[in-house]
Structure formats: structure tokens, C-alpha cells
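Worksheet: the structure to be examined is printed underneath.
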Number of protein chains: 2
Amino acid sequence: MNTQARGDGTVGKALEVLDCVAEFGRPVRFSELLELSPYPKATLYRFLQTLTSQKMLSYNDDGTYWLGARLMRLAHAAWKNASLAPIARTHVEALASRAGESVHLAQLDNGQVLFVDKLKATDRFETLAQVGQVAPAYCTGVGKAMLAFLAPKRLELALKQQSFFKYTEATHGSARSLLRDLDDVRKTGIAFDRQEHEHGIISIAAPILNDNGRVTGAISVATSTTRYQLEELEAFRADLLETAEKIGKDATHWQFPA
Amino acid sequence: MNTQARGDGTVGKALEVLDCVAEFGRPVRFSELLELSPYPKATLYRFLQTLTSQKMLSYNDDGTYWLGARLMRLAHAAWKNASLAPIARTHVEALASRAGESVHLAQLDNGQVLFVDKLKATDRFETLAQVGQVAPAYCTGVGKAMLAFLAPKRLELALKQQSFFKYTEATHGSARSLLRDLDDVRKTGIAFDRQEHEHGIISIAAPILNDNGRVTGAISVATSTTRYQLEELEAFRADLLETAEKIGKDATHWQFPA
DNA sequence: GAACAGGTTCCACATAATGAAACCTTTCGT
DNA sequence: ACGAAAGGTTTCATTATGTGGAACCTGTTC
């Protein structure tokens with residue numbers, strides 16, 4: 001896995017088209033896609049044909065394309081077997097409704113944070129909206145919670161994968177600065193995001209450890225500085241830790257591969 | 001969309017590999033895949049590399065592959081925008097717990113039934129297990145419920161897409177036989193699966209209609225002949241119809257493209 | 001009834017995929 | 001410690017695949 005990323009190739013292009021369709025967020029016509037994608041008519045047409053015959057897209061008789069059944073199946077294989085989400089769902093829900101704020105559930109995926117569940121207590125329909133999103137580990141609450149409890153070797157590897165781009169003034173700009181923060185996290189069992197990834201967004205996060213003490217994920221309560229001060233997040237600490245522990249227990253039989 | 005299906009092409013092959021990974025239901029090693037897939041070592045290797053760099057697979061440092069972040073993202077775009085599931089979730093849950101039996105939520109996808117939610121009242125972990133599965137429309141409760149309320153033109157088209165393969169003695173073997181059944185469904189607003197798809201499995205289904213009277217999906221209570229007789233399914237009728245109506249109302253703003 | 005927009009098909013050509021074989025690297029048996 | 005085997009990665013000449021400009025449908029508009 002050390003050759004440089006290959007963005008090209010037929011498969012890559014086809015997937016780009018899939019992304020385009022997904023981006024629309026609704027069934028979409030050929031001509032609409034044509035504008036958004038960089039491919040000439042004939043090429044795009046062939047891609048759509050291929051993807052349709054592969055059931056990655058479905059072609060409706062009103063002439064629109066939308067993500068197809070195969071994608072659904074693959075997706076749920078992923079969801080069911082490689083993510084904490086189904087195991088943690090009830091706990092996450094409970095926490096969200098008690099906290100009245102967004103709850104995020106995340107796992108580590110090649111040095112990045114992968115959100116596997118996001119829940120807004122207030123809005124049922126927003127559920128799952130941004131599941132699958134990724135974010136850097138070094139500047140998010142969940143990310144730091146996980147990094148702090150990684151085995152030394154793994155941490156070393158993960159650190160190499162961080163860019164240390166400064167999103168805000170509060171973002172850690174180097175491994176050294178991050179490591180100091182992680183020491184605190186390790187002591188308290190709690191990680192804070194102090195507007196490190198996005199202005200105005202703060203969070204309090206706890207790692208999810210299985211019975212062997214291995215990190216399998218992290219969970220956080222996130223809110224905005226307009227509603228809470230950083231210090232006030234302490235109010236969620238006990239509930240968060242308790243929830244994380246419960247999830248850890250439920251997830252023990254199951255090993256996340258990272 | 002009239003050229004014959006092209007199962008070949010690079011994209012098709014790559015997706016086959018994805019399916020292989022999904023089939024394992026867990027992170028999988030190179031060598032395991034090698035046995036299951038028809039490709040030589042070098043070819044499979046390249047596919048895995050491509051899919052990994054495209055984030056369709058993730059490569060973990062214990063040397064295993066698993067479905068990746070991009071798939072997750074695509075999946076949830078599909079789930080959120082093209083399926084009744086998130087809209088219907090609460091109603092489905094409520095029905096499942098009242099009925100104490102499996103509840104299936106389905107939509108029509110190119111003449112086939114696509115399950116977008118399945119819920120067992122008894123087992124939280126089985127939730128979502130077979131979402132994305134497809135089944136024939138002509139021999140399932142949900143399928144017949146949807147067919148019966150399709151506009152004549154659409155029904156005609158859908159009938160052409162049915163194979164009328166006889167899964168059991170009870171399966172409809174021809175369009176004629178099916179159409180007679182659909183007349184009944186139209187009259188009563190309820191469809192039964194009388195062990196037509198699988199021995200021992202029966203169900204009672206109702207279509208979900210939006211305010212324009214257009215079919216957007218169907219919902220069913222399914223059980224086995226060891227627990228219920230066909231006639232006893234009547235007990236679920238009222239609750240089923242009521243639930244279907246509620247979902248229809250919630251889904252009215254939203255049009256399923258089929 | 002001519003011009004147009006949205007799709008679909010053709011085909012000479014360029015590119016990307018193929019897979020046998022050689023090559024690493026780690027693990028295992030003695 | 002040594003040889004062999006399993007598991008994984010790279011090379012490269014060959015060939016199958018994908019490419020896209022242009023022509024072509026078909027239904028709609030002015």
C-alpha cells in the first residue's frame with residue numbers, strides 16, 4: 001500500500017460520477033449531471049449505463065438516475081459489520097435526548113476520524129445525515145480521545161498521518177503540541193475540542209474501550225459557543241463517560257480493525 | 001437503456017470484488033479474497049489497491065480490507081434521500097413492537113421489491129440486517145400491494161419485468177393469475193403472501209400511498225406458519241392499514257422516483 | 001416545418017487493464 | 001541457523017477496454 005494514490009483509472013472515474021449523483025441529493029437527469037461532471041456526453045452516458053447495469057444506480061422511467069439497490073446492500077454490510085453504530089445506537093439516542101445536544105459517534109480509519117453516527121436530539125430527520133464523513137483526528141474531540149488511548153506503536157503511525165494544518169488559532173500545529181494535550185486526555189479520560197477544527201464549535205469526548213482496553217471508537221457531545229461555554233461542557237462529563245463504558249461493554253466481543 | 005446488460009468492463013469487475021468483501025461480513029485478508037474471486041493474484045491485488053485509494057475499501061494495518069468511508073457516505077446519501085426508511089422509522093418501530101413480529105418496509109425498484117427497512121421486534125441487533133435486499137414483486141406481500149395500486153401503464157411495464165418463476169406451488173405462474181389476485185388486493189387494500197416466495201413464510205401487506213394516491217412503498221407484517229395461520233393475520237389488518245396511512249401522510253412531500 | 005434540446009449510437013484511436021513470472025519478506029519446521 | 005513455503009508486491013510486453021467527436025434520432029418549440 002505504498003504506491004502513490006492513483007486517482008485515475010476507469011473505476012475512479014465511475015465513482016466520481018456516483019459522487020456527483022449523490023451530491024444532488026435527489027434523482028437527477030442526464031443533462032444535470034453533464035454540467036457537473038467533467039466528461040463529454042458520450043463518456044458520461046456510457047458510465048451511467050455501466051453503473052445502472054451494475055445496480056449502483058437505478059434508472060427510473062421518468063428518465064432520472066438515483067443511487068441503486070446494490071449500493072444499499074453494500075452500505076448496510078458496512079454499517080452492520082464494521083461500525084459501532086448499530087451496537088451503540090440505543091445508548092447514543094439516550095445520551096442525545098438527555099443532553100439535548102448533538103452526539104457524535106466515531107471510529108478511527110487510517111488516521112482519520114470516521115463518523116459512524118450523528119444524532120441531533122431535536123431533529124429526527126437529520127439523523128444519519130453526515131454519517132460517513134471524515135475529519136482529521138488531531139483537531140477533533142473524538143479524534144484526540146482515540147489517539148490518547150492508542151498503543152504507542154499505533155499512535156506513532158497515526159501521528160505520521162496527521163497534516164497539522166491550522167484550521168483555527170487553537171488548532172495544534174505540531175505533534176509536540178498535540179502530545180502534551182493527549183497527556184491530559186489520558187489522565188482525565190476526557191478530550192475537549194476547543195474550537196480547534198471549526199470556529200464556534202466545541203465538544204467534549206470520551207474514548208470507547210473494550211474489555212481488553214483497546215480503543216474501538218469515541219463518542220462526543222458537540223455544541224456551539226453561542227449556547228455553551230467550554231467550562232460548562234463539564235456538565236456532560238459523567239453521563240458521557242458512563243455511556244462510553246456501556247457501549248464498550250456491548251462492543252467487547254467485536255474488534256474494530258484499526 | 002436498451003442495450004443488453006454489460007456484466008463485463010473494469011467497473012463491473014471491481015464491484016464484484018467489493019461484493020466479495022461484503023460477503024465475508026468482516027475484515028478480510030488478501031489471501032481469503034484470492035480464493036473467492038476468479039482473478040489471478042496480480043489482478044486482484046491491483047483492484048484492491050484501486051478500491052482502497054478510492055476509499056471504497058479501507059486497508060487496516062493488520063493487513064485486512066474492509067468496506068470504506070466513501071461507501072458509507074454514498075450509502076447514507078441513498079438512505080436519506082431515496083428511501084422511505086428514515087421517514088417511516090418511528091411508525092415501523094411502533095408497529096413491530098405492537099405486533100411482536102417482523103415488519104418489512106419496501107419500495108419498488110425496476111419491477112423488483114427493494115427492502116429499505118426490516119425490523120424484528122424481538123432482536124435489536126438484527127435491525128437493518130437485510131436492508132438493500134431485493135425480491136421479486138409478483139410473489140411477495142409488499143410487492144403485490146404495490147403492483148395493485150400502480151397506474152395501468154406502470155403496471156404493464158412492471159409485469160414485463162416479472163419472471164413468474166414458481167418458487168413454491170402457491171407462486172403465481174403467469175400474469176393472468178397474478179392480475180386476478182391484484183383485483184382482490186385493490187378491493188380490500190390488503191395483500192397476502194400465502195407462502196408464495198418461501199415455504200412457511202406468510203405475510204400481510206398494505207401499500208403506502210401519498211396524498212396524490214401514488215404508491216410510494218409498502219409495509220408488511222411477516223411471520224411463519226409455525227406461529228400463525230394465514231387467517232390469523234387478519235388481526236394485524238387494522239394496525240397495518242393505519243400505520244401505512246400515517247407513513248403516507250409523512251411522505252407526501254416526497255416523491256419516490258419509480 | 002425549421003431549429004432546438006435532450007438523449008443515444010458509431011467507430012477509429014489511445015489508454016488502461018491484464019496476468020505470468022520474478023521478486024521480496026515474514027513465518028515456520030527441523 | 002537454514003531452507004522452504006506462504007503471503008504479498010512489482011514488472012512489463014500484450015491485448016482488451018475505454019474514449020469522445022461527430023452523426024443521428026425523437027419529441028418539442030416557435
Side-chain angles (χ1 to χ4, degrees), chain A residues 1-21 24 26-66 68 110 153-154 156-157 257-258, chain B residues 1-21 24 26-66 68 110 153 157 257-258:
Chain A
M1 271 319 101
N2 40 14
T3 24
Q4 75 280 25
R6 349 179 1 190
D8 52 347
T10 321
V11 176
K13 294 178 197 167
L15 291 176
E16 241 175 83
V17 173
L18 260 191
D19 280 344
C20 278
V21 175
F24 270 90
R26 59 169 171 78
V28 58
R29 308 191 67 73
F30 180 98
S31 49
E32 298 177 289
L33 281 171
L34 194 54
E35 284 167 35
L36 212 128
S37 93
Y39 304 110
K41 233 177 9 167
T43 307
L44 178 63
Y45 182 72
R46 220 164 344 89
F47 274 134
L48 291 175
Q49 241 186 216
T50 306
L51 288 169
T52 304
S53 85
Q54 294 296 330
K55 307 276 180 190
M56 292 298 276
L57 291 178
S58 71
Y59 182 68
N60 311 301
D61 46 36
D62 62 346
T64 59
Y65 294 89
W66 185 238
N110 291 309
K153 275 231 154 182
R154 304 237 151 155
E156 197 182 317
L157 212 141
Chain B
M1 272 313 102
N2 40 13
T3 23
Q4 75 280 28
R6 351 179 0 188
D8 53 345
T10 320
V11 175
K13 293 177 198 168
L15 291 176
E16 240 175 84
V17 174
L18 261 191
D19 279 343
C20 278
V21 175
F24 269 91
R26 59 169 172 76
V28 59
R29 307 191 69 75
F30 181 97
S31 49
E32 297 176 289
L33 280 171
L34 194 52
E35 285 167 34
L36 212 130
S37 92
Y39 304 110
K41 224 162 43 148
T43 306
L44 178 62
Y45 182 72
R46 222 162 343 88
F47 273 135
L48 291 176
Q49 240 186 217
T50 306
L51 288 170
T52 303
S53 83
Q54 294 296 331
K55 307 277 180 189
M56 292 298 276
L57 291 177
S58 70
Y59 182 68
N60 310 300
D61 45 37
D62 61 347
T64 58
Y65 295 88
W66 183 240
N110 291 308
K153 276 231 154 183
L157 213 140

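Keep in mind that the numbers below use all heavy atoms, side chains included, and drop hydrogens, waters and symmetry copies. This structure is a prediction, so every number in the text was calculated from the model and none was measured. Residue numbers start from 1 in every chain, and the chains themselves are labelled A, B, ... in the order their sequence lines are given, proteins ahead of strands.
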Between [N] ([atom2]) and [X] ([atom1]): distance, integer Å:
| X | N | atom1 | atom2 | value |
| --- | --- | --- | --- | --- |
| Lys13(B) | dG18(D) | NZ | C1' | 12 Å |
| Tyr45(A) | dA23(D) | OH | C1' | 15 Å |
| Phe47(B) | dA16(C) | CZ | C1' | 11 Å |

Dump the pairs, protein N or O against N or O of nucleotides 20-22 of chain D, anything under 3.5 Å, distances to one decimal.
from, atom 1, to, atom 2, distance (Å)
dG20(D), OP2, Thr43(A), OG1, 2.9
dG20(D), N7, Arg46(A), NH2, 3.0

Exercise. Roughly how far, to the nearest 0.5 Å, is the CG atom of Asp19(A) from the NZ atom of Lys55(B)?
Worked result: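 One gets 13.0 Å once the value is rounded to the nearest 0.5 Å.
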For this session: Enter the distance from Lys41(A):NZ to Thr43(A):OG1 here, rounded to the nearest 0.5 Å.
Result: 12.0 Å
For this session: Decide yes or no for Thr10(B) and Phe47(B): does some side-chain heavy atom of the first lie under 4.5 Å from some side-chain heavy atom of the second?
Result: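 Thr10(B) reaches Phe47(B) side chain to side chain.
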For this session: Would you check if Tyr65(B) and Leu48(B) make a side-chain contact, meaning some heavy-atom pair closer than 4.5 Å?
Result: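 Yes - at least one pair of side-chain heavy atoms lies under 4.5 Å apart.
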Problem set entry | Passing candidate, side chain to side chain contact (heavy atoms under 4.5 Å, CB included) with Val11(B), options Leu15(A), Val17(A), Thr50(A) | Thr50(A)
Exercise. Among residues 30-38 of chain B, which contact DNA chain D at a heavy-atom distance under 4.0 Å?
Worked result: Phe30(B), Ser31(B)
Would you mind writing out the side-chain donor-acceptor pairs for residues 27-38 of chain A within the sub-3.5 Å range, not counting sequence neighbours?
from, atom 1, to, atom 2, distance (Å)
Arg29(A), NH1, Asp62(A), O, 3.3
Glu32(A), OE1, Arg29(A), N, 2.7
Glu32(A), OE2, Arg26(A), NH2, 2.9
Ser37(A), OG, Tyr39(A), N, 3.4

Problem set entry | Any Thr10(B) side-chain nitrogen or oxygen under 4.0 Å from OP1 or OP2 of dG18(D) | yes
For this session: Establish, with yes or no, whether the OP1 or OP2 oxygen of dG8(D) is under 4.0 angstrom from a side-chain nitrogen or oxygen of Gln49(B).
Result: no
